[in-house]
Amino acid sequence: MSNQLSVKGKVVHIGQLQKLEKITKREFVIETPETYAQMVKFELIGDKTEILDSVSLGMEVDVFFNLRGRKWNENYYTSLQAWRVVVDSNADTKPKENANDPIGDLPF
């Protein structure tokens with residue numbers, strides 16, 4: 001079974017770098033463009049945390065990730081470990097201006 005997957009969406013949250021006992025970790029969330037949008041949380045581990053240095057809120061991205069699962073103390077945990085984030089340079093990430101706003105039409 002291949003567990004390398006990808007999903008597209010807009011970045012809606014970027015967490016702070018967390019330094020744990022043996023690893024560094026950073027989480028982020030994207031919103032998928034479906035009719036019923038999904039908020040999907042990913043984590044970056046180790047040197048992969050630097051990937052988010054060039055990503056901002058509102059950017060459209062393609063996230064490549066591995067599905068991870070484990071058992072600990074009779075509980076089961078699942079995580080989505082991102083290993084690549086590609087910014088969609090064709091997407092319009094600027095907020096749309098309100099067409100009814102007369103101040104927005106001023107040339108200065």
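Owing to the predicted nature of the structure, the values given are computational and were not obtained by experimental measurement.
- Of all heavy-atom pairs spanning A82 and F65, the tightest one is CA-CB, 3.8 Å.
- With sequence neighbours excluded, the residues forming a salt bridge (charged side-chain N to carboxylate O under 4.0 Å, His left out) with E27 are K25, K41, listed by chain and number.
- The cluster map of Ile, Leu, Val, Met, Phe, Trp and Tyr, joined by side-chain heavy atoms under 4.5 Å apart, puts L67 and F42 in the same cluster.
- The cluster map of Ile, Leu, Val, Met, Phe, Trp and Tyr, joined by side-chain heavy atoms under 4.5 Å apart, puts V55 and L17 in different clusters.
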Go through it in stages, so that I can follow the logic: the residues are F64 and V86, the test is side-chain contact (heavy atoms from CB on, under 4.5 Å), and I'd like the CA-CA distance, side-chain angles, deciding distance and then a yes or no. CA-CA 8 Å; F64 296 86; V86 178; 3.9 Å; yes
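- In the displayed structure, Q18 atom CD is contacted under 6.0 Å by more than 12 heavy atoms of other residues, nucleotides or ligands.
- Minimum interatomic distance between V7 and T32 (heavy atoms only, all atoms of both residues): CG2-CG2, 4.0 Å.
- Closest approach of G9 and P33 over heavy atoms only: CA-CD, 4.3 Å.
- The hydrophobic clustering, which links ILVMFWY residues whose side-chain heavy atoms are closer than 4.5 Å, places I45 and I14 apart.
- Partners of K22 according to the salt bridge (charged side-chain N to carboxylate O under 4.0 Å, His left out) rule, which considers only residues two or more places apart in sequence or in another chain, do not exist here.
- Under the salt bridge (charged side-chain N to carboxylate O under 4.0 Å, His left out) criterion, E34 pairs with no residue, sequence neighbours left out.
- A donor-acceptor contact shorter than 3.5 Å is absent between the side chain of E60 and the backbone of G58.
- Other residues sharing the hydrophobic cluster of M39, ordered by chain and number and joined by side-chain separations under 4.5 Å: V12, V29.
- Rounding to the nearest 0.5 Å gives a distance of 13.5 Å between NE2 of H13 and CD1 of I30.
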In residues 69-81, what donor-acceptor pairs under 3.5 Å come from side-chain atoms, sequence neighbours left out?
from : atom 1 : to  : atom 2 : distance (Å)
N75  : ND2    : N73 : O      : 3.4
S79  : OG     : E43 : OE2    : 3.4
Q81  : NE2    : E43 : OE2    : 3.4

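- Every residue meeting the salt bridge (charged side-chain N to carboxylate O under 4.0 Å, His left out) condition with D53, not counting sequence neighbours, appears here in chain and number order: R26.
- In this structure, OG1 in T24 is found 8.0 Å from CG in D47, a value given to the nearest 0.5 Å.
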